[in-house]
Amino acid sequence: MEQSMGQDSVPAHGSFDKSRVLNVKPLRSLVPLFPSTSNAAPSSNVQGGAPFVSVSPSGPFPPGISPFYPFFFSPESQRLSEQNLQTPAGVAAVPINSFRTPTPRGRSNRGFTEEDGYSNSQQVNFDATETDTEEGGRLRSRKKKGKGRLGSGSDVDVDAVANDILKSINPVVFDVLNQPDGSKDAVSYTLLIYEVLRRKITQIEDLKEGNPGVARRPDLRAGTIMLSKGVRTNSKKRIGAAPGVEVGDIFFFRMELCIVGLHSPSMAGIDYLGIKFSQEEEPLAVSIVSSGGYEDNAEDGDVLIYSGQGGAKGASDQKLERGNLALEKSLHRGNEVRVIRGLRDIATPGGKIYVYDGLYKIQDSWVDKAKTGFNVFKYKLVRLPGQPEAYTTWKSILQWSEKSTSRVGTILPDLTSGAEKLPVCLVNDVDNEKGPAYFTYSPTLKNLKPTNPLDPSAGCNCVGGCLPGNYNCSCIQKNGGHLPYAPNGVLLDLKSVIYECGPSCQCPPNCRNRITQGGLKFRLEVFKTKNKGWGLRSWDPIRAGAFICEYAGEVIDNARMEELGGENEDDYIFDSTRIYQQLEIFPSETEAPKIPYPLYITARNDGNVARFMNHSCSPNVFWRPVVRENKGASDLHIAFHAVRHIPPMTELTYDYGIVLPLKAGQRKKKCLCGSAKCRDYFC
DNA sequence: AGTTTTCAGCGGTAT
DNA sequence: ACCGCTGAAAACTAG
């Protein structure tokens, strides 16, 4: 049964209403910094040349390319936004044509030179004419494909689109990627670009029905394109940590490990330095992926018994060669080996998740007999001390799932009192505070006033659900001709407004165009942070683009909004009119966000988990306006999605944005996000 | 749940 | 240039 979408569901059943939690003043990350005065110029707040710009995620993309996340921007638009730093709202839009302007050679190439000595065939060339190496590669892969995939012209589409996407990346990004050593930014950019490519390819493939039986692998296609164009980081194989990849980082595809330089083989479990490349006399192991495919076992979280490779699926003895030899040599050498743990994730259907578990050393090796009776090499790896928790966090969560009592610091097992499909627990393991201030848990928007339809229609008629390629679907039309979500529900592209199906549509609740209407999909918890009051995090891994929650609360009008400034300040306001700093590299656009109309929500008295999300200048969550058709009018909601893959127990944060100009009496808050790109305050 | 099918990087070896 | 190996991943089959 579908969860009530009513406007005012406030579950308060039983004699004790647990949704009213103890009365303690919430802190969030709000510490008043300085009273707003007219000359409190934020000059010192713009660090690292990152301007506050008004960002519209819909931007000058060529036809057929819908931008995915707001981190692509043409050099032209970037220049404009810098020029218009002081008046972000008045920036002129970049004409679509300007996108097509050929990037000057020197510019587009400057990110990739031969200085790493590795990129012989990796010089970036996004021009329509392909390089020799690229041509060769494509011919070769065609040949390998043989009879498959005949006549589908999909390669042309994909390559053209991929080139257009890569061309639209800010050259500054390539400067970062081109550093011989990786960095957090480089890893982040690489993965974001990969997501864009992969999803775009998914979308293209999604459109053409047919070709059943042909394994479409957008993950591999995207990876290949990036590797061939040199859009990657840590391309030099090395022993020890891969700079920019942090212990605990999660990945959903083997190709992701590859492009960030964590583990280069696309399939094999052991990565090693061969004799040729290293100056060494012997091969040395660099990293392993432990996926449980062999008869491995782990004594505890810090010890791993890893099986060697080969042996023809257990039908013959393994030999001391390749990866096995490298592991043996590394045992004697005592060098560090990166370990990636592959896990089966229940939430990800049929999917695996890879957790970077940090550096290990090989302590022992022996020959074992497999069940089939053949020889298997075994290696005992021990985790180096002093590294952040990673794999053990997953094991802890598994334990909590089995019996909730084993979790220390639990205040409430479910602060929603059943209002959500999944419980949201309340935890404090840092001090004695018993919970945030009173509020009523409400998963939906109250006081929602459907307003003038943006694009009048009676809703769609897709009785069986909206499907890609159905151009008769009015909802698909409003989204520019395709569904905004992938089959697994992640947001595929980032228009300024997402048009979902609504009450007026004929499609069922499980329609793929109703992703934000199904309630929580991840087990979230509200927890006490060390210095920012209460915060929000997830027990489950969250993939980039996944829907997390909407901003619930009471919709208020502009007049009421004015009252809430100054003395009566409301720390639980969502204000769609704020100005947002570009996310990381983001931003693209120069026109203001095209939200249909200003939306103000207060979650002080009524709200959902979103009210606990703290601000960060380097957030891992972003929001999009969602419009749903409702009896000839439009409902507007705010949906939060993951910017990138978010490991379990990582705090969820979004950019609160800033108010320009500050209202009378309104104060700026000292930002405690601690990110390297912190702009010191927010509103 | 198992099986089948097509994947793509990279070390090693042969040109 | 090729060969061959490989703890992938999706789709399909069977139960």
Side-chain angles (χ1 to χ4, degrees), chain A residues 118 120-122 132-133 136-150 155 198 201-202 205-206 209-228 232 235-237 251-259 261-278 280 282-298 304-314 316 318-319 321-327 339-345 348-355 370 376-379 486-488:
Chain A
Y118 246 73
N120 46 359
S121 64
Q122 307 204 346
D132 291 345
T133 52
R138 272 171 32 107
L139 285 175
R140 186 180 149 218
S141 63
R142 277 255 169 72
K143 205 191 290 174
K144 276 172 80 176
K145 276 174 209 153
K147 324 154 186 76
R149 221 183 252 266
L150 46 148
D155 288 4
R198 209 195 94 250
I201 295 168
T202 305
E205 296 289 345
D206 206 20
E209 61 242 75
N211 251 4
V214 176
R216 296 181 291 262
R217 294 289 300 275
D219 58 321
L220 298 180
R221 300 287 301 273
T224 305
I225 290 168
M226 290 183 63
L227 292 172
S228 71
R232 64 190 297 181
S235 53
K236 189 164 172 62
K237 201 181 276 194
F251 306 87
F252 289 80
F253 296 94
R254 284 291 296 260
M255 272 297 183
E256 292 180 320
L257 306 178
C258 189
I259 58 178
L262 194 59
H263 185 84
S264 38
S266 55
M267 300 174 118
I270 305 170
D271 194 6
Y272 61 98
L273 282 168
I275 300 172
K276 258 193 206 160
F277 259 137
S278 62
E280 310 292 341
E282 51 196 19
L284 288 176
V286 168
S287 58
I288 60 165
V289 177
S290 165
S291 293
Y294 285 58
E295 297 170 21
D296 298 340
N297 57 58
L304 172 67
I305 308 299
Y306 190 79
S307 305
Q309 65 186 183
K313 288 183 280 185
S316 63
Q318 290 186 345
K319 294 183 200 151
E321 57 183 21
R322 303 173 183 273
N324 300 343
L325 182 60
L327 287 169
V339 169
I340 298 103
R341 304 261 194 170
L343 303 166
R344 288 232 88 90
D345 183 49
T348 323
K352 250 182 194 167
I353 290 190
Y354 299 94
V355 182
V376 177
F377 290 102
K378 296 283 185 178
Y379 301 91
N488 64 6

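The chains referred to below are lettered A, B, ... by the order of the sequence lines, with proteins before strands, and numbering in each begins at 1. What's counted below: heavy atoms across the whole structure, side chains too, no hydrogens, waters or symmetry copies.
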Rounded distance (Å) that lies between atom [atom2] of [N] and atom [atom1] of [X]:
X: A/Leu257; N: C/dA9; atom1: CG; atom2: P; value: 9 Å
X: A/Leu343; N: C/dA8; atom1: CG; atom2: P; value: 13 Å
X: A/Arg344; N: C/dA9; atom1: CZ; atom2: C1'; value: 10 Å
X: A/Asp219; N: B/dT6; atom1: CG; atom2: C1'; value: 11 Å
X: A/Ile340; N: C/dA8; atom1: CD1; atom2: P; value: 12 Å
X: A/Ile259; N: B/dA8; atom1: CD1; atom2: P; value: 15 Å
X: A/Arg217; N: B/dT4; atom1: CZ; atom2: P; value: 18 Å
X: A/Gln309; N: C/dT6; atom1: CD; atom2: C1'; value: 7 Å

With both distances kept under 3.5 Å, what pairs with B/dC7, Watson-Crick or G-U wobble?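 B/dC7 is paired with nothing.
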Just call it for A/Asp271: base, sugar-phosphate, or nothing, with non-hydrogen atoms closer than 4.0 Å on any strand.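 No contact.
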Would you give the length of the straight line joining atom CZ of A/Arg198 to atom CG of A/Leu220, rounded to the nearest 0.5 angstrom?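 So the gap between those two atoms works out to 11.0 Å.
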With a cut-off of less than 4.0 Å, is there a side-chain N or O of [X] near OP1 or OP2 of [N]?
X: A/Thr224; N: B/dG9; result: yes
X: A/Lys237; N: B/dG11; result: yes
X: A/Lys352; N: C/dA9; result: no
X: A/Ser291; N: C/dA8; result: yes

Choose from [options] the nucleotide whose nearest atom is closest to any side-chain atom of [X].
X: A/Arg254; options: B/dA8, B/dC10, C/dA9; result: C/dA9
X: A/Phe253; options: B/dG9, C/dA9, B/dA8; result: C/dA9
X: A/Tyr354; options: C/dA9, C/dT6, B/dA8; result: C/dA9

Pairs under 3.5 angstrom, nitrogen or oxygen only, protein versus nucleotides 12-15 of chain B, please.
{"from": "B/dG12", "atom 1": "OP2", "to": "A/Ile275", "atom 2": "N", "distance (Å)": "3.4"}

Locate the shortest heavy-atom distance separating [X] from [Y]; write the atom from each residue and the value.
X: A/Tyr272; Y: A/Lys237; answer: O-NZ, 3.2 Å
X: A/Ile201; Y: A/Ala222; answer: CD1-N, 3.8 Å
X: A/Lys378; Y: A/Ile305; answer: CD-CG2, 4.1 Å
X: A/Gly323; Y: A/Gln309; answer: N-OE1, 2.8 Å

Can you tell if the side chain of A/Tyr354 reaches within under 4.5 Å of the side chain of A/His263, non-hydrogen atoms only?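 No; the side chains remain at least 4.5 Å from each other.
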A/Ile270 side chain near A/Tyr306 side chain, heavy-atom distance below 4.5 Å: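 Side chain of A/Ile270 against side chain of A/Tyr306, heavy atoms only: contact under 4.5 Å found.
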